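For reference, the structure discussed in these notes is given below.
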Amino acid sequence: MRLLANMVSHNELIAMWERKTGRTFQIERVPEADLLKLINEAAFPLNILLSLSLSVLVRGDVPS
């Protein structure tokens with residue numbers, strides 16, 4: 001079981017790393033359509049990693 005107090009968003013995680021390292025990270029946003037194109041063009045196993053990134057980071061599919 002996970003307690004709600006232990007959950008952080010992706011943006012909160014980045015903010016924590018920025019505070020810890022003392023620098024600001026450059027964030028680049030990739031549109032979903034571009035990511036789908038990359039998945040279709042990528043060879044195995046990179047396409048699997050990109051598919052998981054799309055599922056979790058873009059669509060928010062995480063097991064609870």
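Note: hydrogens, waters and symmetry copies are ignored here, and every other heavy atom, side chains too, is used. In what follows, residues are counted from 1 in the order of the sequence shown. These numbers come from a predicted model, not from an experiment.
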Show every donor-acceptor pair shorter than 3.5 Å between a side-chain atom in residues 26-49 and any protein atom, with sequence neighbours excluded, or say none if there are none.
from, atom 1, to, atom 2, distance (Å)
Glu32, OE2, Arg59, NE, 3.2
Glu32, OE2, Arg59, NH2, 3.0
Asn40, ND2, Leu36, O, 3.3

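- A donor-acceptor pair under 3.5 Å is formed between the side chain of Thr21 and the backbone N or O of Trp17.
- For residues 12-23, the set of pairs meeting the salt bridge (Lys or Arg N to Asp or Glu O under 4.0 Å) definition, not counting sequence neighbours, is empty.
- By the rule that hydrophobic residues join a cluster once side-chain heavy atoms approach within less than 4.5 Å of another member, Val8 and Ile14 end up as members of one cluster.
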